[in-house]
There are 2 protein chains.
Amino acid sequence: MRTSLKDVAARAGVSVRTVSNVVNGSASVSERTRERVQRALDELGYRPNLAARSLRAGRTGLVGLVIPELHSPYFGELAGLVVEAAQRRSWTVIIDQTHGRADEERRLLEGTHAPIVDGLIISPWALGAEELAERAGATPMVLLGERDPGRLADHVAVDNVLAADEATRHLLDAGRRRIAAVGPQPGLRNGTAEQRLAGYRRALRRAGVTPDPALEVPVPTLHRAAGARAMARLLDGGGPVPDAVFAFSDELALGVLLVARERGIGVPEDLAVVGFDDIEDGRYANPSLTTVSPDKAQIAERALQCLADRVYSPGAAVPPQRITVPHRLVARESTGHARSPEGTGSADRVGGARSGGV
Amino acid sequence: MRTSLKDVAARAGVSVRTVSNVVNGSASVSERTRERVQRALDELGYRPNLAARSLRAGRTGLVGLVIPELHSPYFGELAGLVVEAAQRRSWTVIIDQTHGRADEERRLLEGTHAPIVDGLIISPWALGAEELAERAGATPMVLLGERDPGRLADHVAVDNVLAADEATRHLLDAGRRRIAAVGPQPGLRNGTAEQRLAGYRRALRRAGVTPDPALEVPVPTLHRAAGARAMARLLDGGGPVPDAVFAFSDELALGVLLVARERGIGVPEDLAVVGFDDIEDGRYANPSLTTVSPDKAQIAERALQCLADRVYSPGAAVPPQRITVPHRLVARESTGHARSPEGTGSADRVGGARSGGV
DNA sequence: CTGAAAGCGCTAACAG
DNA sequence: CTGTTAGCGCTTTCAG
């Protein structure tokens, strides 16, 4: 059995109250007593029992992070940043994966960990905001990604419409006209893909180009293989051959690059490619990938801030926050710009910058 | 305040004991009573308080996963697999990153979460097994990676010497002789790099090739940029120009590929490249990357199994386990083999297979 | 400045 | 089959 406050108290010849005070510095203790207690603490190697502490405090110090998958570069990086931001607040993160499945999202929301965590950060794919808000119950929740018509919960995201618009404009500016959009996901409820599609179409229309449904290729996932298949379909479908692709994720874009290479299509000469997410692989791809770079550190930071606001002042009925995080377009070789020197990524040419507010 | 057992008991007109029985199915309850209690449970939306439950049980149901970094493809994938393996056992995973720093490793081991978790899975970089074992104290611990001379704790790893030997032999078999090793890490204490270096040298010697120190390039990290710099140093250092590279991680190998491309060096014609880890990026790289593929799912599964054995039978003084997990060599384009069709990775040609035991 | 004791929500030993 | 109750380790109110 681990040593408890009582053991320490007995050893030091004081009451548990005093030991507790020394441990937490909550009240003033005489120098002599503190020293004696400290010695007992050290000798016994005392560790507070967090379960007991949580039971008293009503808080656990844990936050749940629910994401589709940990092994994808984007979510891996984001998860790392959330963990760090949490550490700064002395919180601990519990990570769960849903694989984008509705039943998993439901289960994680209400079932397994809901009772244990003080708050939940969730990046939904399958579930709509309505169902999410309803199921979360009393646990404070932050939504990552864009879809919350009713403003039911806090949420943090980039301006997907604007970002997609900029990415498309970047291609238009380079003289491309048959720009394909790889990434619509009809089956998903989170709305991110819809918004990127809307931004894409808006940029086209503003440039006097009529969106061509044959150039909008839906995908089942955001992974490379899906991007590769989409690209193959574009080339073999008998429709217009694109001179550019806006992919809704860097991974899709990397799949597109793969097929382009297999078919002997020159990038960027014959085909310009823009991705979304700014994952590390894109910087080292061949050619390096132009992309929309969301400020992931800020996504993590602000999501945690939202949670902190609610956890530490449960009474204050603040209305759900809608936070827009900055993004920027990073132009690289896949659209005819220079690769950054030595691949450090530090000197990427920045094509556009955008700042977000609440 | 969340509804407690007492609330439900009051509502159903029974005692807490009975409610507890219904919730846990721990004793037999009459059909009528069960039904009434269940209704109250549903109406009040009862959720057990895990802090209280843990306090009683002396277990928290949490395991800690301590890894250098979450955003690297290898650890991201591994973390995902650990989370899944844990889910199968109704355990929850807390993930922490050390960035390979000794102080972080120490802090996480003894400080922040040690008291809260039932067990710890740690992939050490900076700390040696001795210090790890000493600091972990009573918390069951599993080491990931290879370095535990004193058999102080359970540990799970591939046979790094053998794997490196096979990788090097694969290059030798292709007729290469000036094979560079990119990846020794003199500063680290976990020993993985040392073992891969040993396997590399062993294969060379057995083939009658004398290891050339000028071809062994140390790196500060396992990332792409480090691989790129190492490759540049190999080419510009004035030493022998390699005709092959064995990189100790896929990321390093991808950095090597990048520089090869920049310098107009043909892969695999002029330079054959083998990596280690089998991360997804390698499958989609250009050219696709030959690599040593550790069975990551099994690493996760067996690590958790070790923990379970100790957590559920604390009395049984089983000696520390030393578990070797299988790996296989996956031959792809970077050593002159065929890319798998459509990049699915399912039909990779397997160059060698190896099975591990305890 | 320090001690005694209540009680957080739950489980399980003990009674009935 | 069900009720009562002690106690897990801690914080904190109330006394002293």
Side-chain angles (χ1 to χ4, degrees), chain A residues 1-38 40-41 44-62 90 113-118 138-139 311 314, chain B residues 1-41 44-62 90 113-118 138-139 314:
Chain A
M1 185 50 56
R2 182 178 270 135
T3 68
S4 78
L5 271 193
K6 202 153 58 167
D7 303 329
V8 180
R11 172 115 182 183
V14 297
S15 76
V16 289
R17 163 74 205 254
T18 305
V19 182
S20 175
N21 283 342
V22 171
V23 172
N24 301 302
S26 35
S28 40
V29 181
S30 80
E31 198 46 54
R32 265 191 63 252
T33 315
R34 141 166 294 114
E35 203 170 293
R36 198 148 38 98
V37 170
Q38 189 59 55
L41 242 22
L44 295 172
Y46 172 75
R47 289 298 157 75
N49 177 321
L50 289 229
R53 196 175 265 180
S54 306
L55 180 56
R56 279 272 352 174
R59 275 187 281 109
T60 59
L62 300 176
S90 324
H113 300 144
I116 210 184
V117 297
D118 293 339
T139 312
V311 170
Chain B
M1 184 52 56
R2 183 178 270 135
T3 67
S4 77
L5 271 192
K6 203 152 60 164
D7 302 329
V8 180
R11 173 112 180 186
V14 297
S15 76
V16 288
R17 162 76 204 255
T18 305
V19 181
S20 174
N21 283 341
V22 171
V23 171
N24 301 303
S26 35
S28 39
V29 181
S30 81
E31 197 47 54
R32 265 192 62 251
T33 315
R34 141 165 294 115
E35 203 170 291
R36 198 148 39 99
V37 171
Q38 190 58 56
R39 189 138 19 93
L41 242 22
L44 295 172
Y46 172 76
R47 289 299 156 76
N49 177 322
L50 290 228
R53 195 176 268 180
S54 306
L55 181 56
R56 278 276 347 176
R59 276 187 281 108
T60 59
L62 300 176
S90 326
H113 300 142
I116 209 186
V117 298
D118 293 339
T139 312

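As a basis for the values below, the full set of heavy atoms in this structure was taken, side chains included, without hydrogen atoms, waters or symmetry mates. Per chain, numbering begins at 1; letters A, B, ... match sequence-line order.
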Let me know the distance between CD of A/Glu31 and P of C/dC1, rounded to the nearest Å. 10 Å

Could you pick out which residue, B/Leu55 or B/Arg34, lies toward the 5' side of DNA chain D when each is mapped onto its nearest nucleotide? B/Arg34

Select base, sugar-phosphate, or nothing to describe what B/Val16 touches, counting heavy atoms under 4.0 Å on all strands. base

Nearest heavy-atom approach of B/Leu44 to B/Val8 is CD1-CA, 3.8 Å

Minimal heavy-atom distance between A/Arg36 and A/Gly13, with the atoms involved, is NH1-O, 4.3 Å

Rounded to whole angstroms, how far apart are CZ on A/Arg59 and P on C/dC8? 17 Å

Would you please name every residue forming a side chain to side chain contact (heavy atoms under 4.5 Å, CB included) with A/Ser4, sequence neighbours left out? A/Lys6, A/Asp7

Is A/Asn21 close enough to C/dT2 that one of its side-chain N or O atoms is under 4.0 Å from OP1 or OP2 there? no

Is there a side-chain contact between A/Thr18 and the phosphate of C/dC1, meaning an N or O under 4.0 Å from OP1 or OP2? no

Taking CZ from B/Arg36 and P from D/dC1, how many angstroms apart are they, rounded to a whole number? 15 Å

Please give, in whole Å, the distance from D/dC10 P to A/Leu41 CG? 10 Å

For B/Ser4, answer base if it contacts any base atom (sugar-phosphate contacts may also be present), sugar-phosphate if it contacts only those atoms, and nothing otherwise; contact means non-hydrogen atoms under 4.0 Å. sugar-phosphate

Rounding to 0.5 Å, atoms CD (A/Gln38) and OG1 (A/Thr33) come to a distance of 12.5 Å

Rounded interatomic separation in angstrom, taking NZ from B/Lys6 and P from C/dT11: 15 Å

Closest listed nucleotide, where the reference is the side chain of A/Tyr46 and the choices are D/dT12, D/dC10, C/dT11: D/dC10

From B/Thr18 atom OG1 to B/Leu5 atom CG, the distance as rounded to the nearest 0.5 Å: 10.5 Å

Please give me the minimum heavy-atom distance between B/Asn24 and B/Arg53, naming the atom from each residue. OD1-NH2, 3.4 Å

Minimal heavy-atom distance between A/Ser15 and A/Ala9, with the atoms involved, is C-CB, 3.7 Å

Given that A/Leu5 and B/Thr33 both sit by DNA chain D, which one's nearest nucleotide is further toward the 5' end? B/Thr33

Please determine if a side-chain N or O atom of A/Ser30 lies less than 4.0 Å away from the OP1 or OP2 oxygen of C/dC1. no

Scanning both residues in full, the closest heavy-atom pair of B/Val29 with B/Arg34 reads O-NH1, 3.6 Å

In whole angstroms, the gap separating P of C/dA6 from CZ of A/Arg56 amounts to 13 Å

If you look at every strand shown and take non-hydrogen atoms under 4.0 Å, does B/Arg53 touch a base, only sugar-phosphate, or nothing? sugar-phosphate

note: A/Asn49, atom CG; C/dC8, atom C1'; distance rounded to Å ~ 13 Å

Options C/dG3, C/dC14, C/dC10, nucleotide nearest the side-chain atoms of B/Arg17: C/dC14

Five-pair end axes of the helix from C/dC1-D/dG16 to C/dG16-D/dC1, angle between them (10°): 40°

Expressed as a whole number of angstroms, how long is the span from B/Arg32:CZ to D/dT2:C1'? 13 Å

